[in-house]
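Below, all heavy atoms of this structure are taken into account, side chains as well, without hydrogens, waters or symmetry copies. Because the structure is a prediction, the values reported are computed rather than measured.
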Amino acid sequence: MSAGGGGERPPRSRIGAHVSVAGGLTNGVDRAQAIGAECIQIFVGAPQRWSTAKYTDDEAEEFRQAVSENDLNPVFIHGPYLVNLASKRGDVRAISRRVLVSQLEWAEKLGAVGVIVHVGSGGDNAFDLAEAGLREVLAKYSGNAMFLLENDAGAGQRIGKRFSEVGRLIKAADNDERLGVCLDTCHALVSGYEIRDIDNLNAAMEEFDAEIGLDRLVVVHANDSKGELGSNKDRHENIGQGEIGEASFEMILSHRDLRGIPFVLEVPGYDKDGPDARNVRDLIRLAEAG
């Protein structure tokens with residue numbers, strides 16, 4: 001598929017947000033409704049701990065039903081921040097693999113599309129370790145939820161700042177059909193992809209298609225950026241308040257390769273409490289304008 005594929009324009013992207021499920025899974029549905037989100041991303045288990053989720057089957061079913069009744073699909077799970085498949089420490093790699101298998105099983109139970117994961121970082125053999133870990137997770141998980149690799153901001157030795165690195169991981173896992181990609185707009189900019197004008201955005205998406213394949217693009221993390229182009233600083237900003245800006249988001253949302261893909265907010269919010277109604281409204285407005 002080329003970045004300039006023709007045909008009918010798909011409907012605008014559904015605009016969602018990362019929401020907290022503190023106090024119970026269905027609380028995430030209530031919070032999503034309160035800010036006008038059209039789809040959602042959640043954590044299952046504390047993101048800064050190795051602990052696994054402990055919801056009952058009834059709670060999982062209630063969540064699925066609430067999502068369906070309130071038209072909040074698709075649902076995505078974000079993996080814990082501690083996960084590092086390329087760590088120099090064998091114990092960290094081992095628990096990362098176990099946790100990711102559990103996360104994928106929970107994605108299936110909750111009706112989520114899949115689990116969004118930062119691969120991590122390591123030493124000189126980081127790629128070899130990450131590839132081995134990825135293969136093991138996919139071998140031990142027998143379900144159909146997707147393992148969604150997220151492009152990285154690229155600080156230090158973190159894996160995934162270039163689309164070629166993401167593509168290498170997918171190829172190393174035998175192009176498993178359960179592998180997909182989450183494209184983060186902030187990470188793309190600060191890792192060196194100029195996505196703020198149409199020619200450069202076209203070039204970036206053509207590179208994405210060549211290295212990964214557009215058919216693997218499942219979700220976009222819609223984040224403005226406090227960091228400048230190529231800065232490798234992973235600092236999200238509210239929509240229109242950072243280096244990307246409203247005009248560029250309108251262009252991104254309407255781009256032939258991105259229109260129709262769910263866009264999920266991970267912004268700080270105007271009250272510093274995460275994605276809020278203003279950010280959701282702004283992104284919906286820009287999606288409709290495009």
Do [X] and [Y] have side chains that get closer than 4.5 Å, going by heavy atoms?
{"X": "I116", "Y": "L149", "result": "no"}
{"X": "L258", "Y": "L253", "result": "no"}
{"X": "R31", "Y": "N27", "result": "yes"}
{"X": "E194", "Y": "L189", "result": "yes"}
{"X": "I284", "Y": "R12", "result": "yes"}

Below 30° counts as parallel, above 60° as perpendicular, anything between as tilted: where do the rings of H78 and H221 land?
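Ring orientation of H78 relative to H221: parallel.
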Would you say the side-chain atoms of [X] pair up with the backbone N or O of [Y], donor to acceptor, closer than 3.5 Å?
{"X": "R97", "Y": "R135", "answer": "no"}
{"X": "H236", "Y": "S225", "answer": "no"}
{"X": "N223", "Y": "T185", "answer": "no"}
{"X": "R178", "Y": "Y141", "answer": "yes"}
{"X": "S96", "Y": "N84", "answer": "yes"}
{"X": "N238", "Y": "G269", "answer": "yes"}
{"X": "Q103", "Y": "I77", "answer": "no"}
{"X": "R14", "Y": "E38", "answer": "yes"}
{"X": "S191", "Y": "H187", "answer": "yes"}
{"X": "R49", "Y": "L82", "answer": "no"}

Test ring-ring contact (aromatic ring centres under 6.0 Å, His included) applied to F163 and Y193, step by step
CA-CA 10 Å; F163 297 151; Y193 288 102; 4.1 Å; yes
Answer yes if the side chains of D276 and N279 hold a donor-acceptor pair under 3.5 Å, and no otherwise.
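Yes, N279 and D276 have a side-chain donor paired with an acceptor closer than 3.5 Å.
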Consider only side-chain N and O atoms of D128 and N125, and report whether a donor and an acceptor are under 3.5 Å apart.
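The criterion, which ignores hydrogens and geometry beyond distance, is not satisfied for N125 and D128.
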Do N151 and R162 pass the side-chain hydrogen bond (donor to acceptor under 3.5 Å, both in side chains) test, and can you show the C-alpha distance, the side-chain angles, and the key distance before you say yes or no?
CA-CA 7 Å; N151 65 307; R162 306 307 299 175; over 6 Å; no
Between H18 and F43, does the ring-ring contact (aromatic ring centres under 6.0 Å, His included) criterion hold? Intermediate values first, please.
CA-CA 8 Å; H18 186 99; F43 290 122; 4.5 Å; yes
Which one of V113, I40, V219 satisfies the side-chain contact (heavy atoms from CB on, under 4.5 Å) criterion with P74?
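Option passing the side-chain contact (heavy atoms from CB on, under 4.5 Å) with P74: V113.
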Please determine whether side chain to side chain contact (heavy atoms under 4.5 Å, CB included) holds for the pair F147 and D176, giving the CA-CA distance in whole Å, both sets of side-chain angles, and the decisive distance to 0.1 Å.
CA-CA 10 Å; F147 191 122; D176 193 301; over 6 Å; no
Same apolar cluster (I L V M F W Y, side chains within < 4.5 Å links), V101/V44:
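Both belong to a single hydrophobic cluster.
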Hey, any chance V75 and M146 share a hydrophobic cluster, counting ILVMFWY side chains that come within less than 4.5 Å of each other, even indirectly?
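No; M146 is not reachable from V75 via cluster members.
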With side-chain hydrogen bond (donor to acceptor under 3.5 Å, both in side chains) as the criterion, how do N70 and Q33 come out once you've worked through the C-alpha distance, each side chain's angles and the decisive distance to 0.1 Å?
CA-CA 8 Å; N70 293 283; Q33 284 186 292; 2.5 Å; yes
Would L169 and E131 satisfy side chain to side chain contact (heavy atoms under 4.5 Å, CB included), going step by step from the backbone distance to the final call?
CA-CA 6 Å; L169 291 169; E131 290 166 358; 3.8 Å; yes
Carefully, step by step, assess L286 and E246 under the rule side chain to side chain contact (heavy atoms under 4.5 Å, CB included).
CA-CA 7 Å; L286 295 171; E246 280 203 359; 4.0 Å; yes
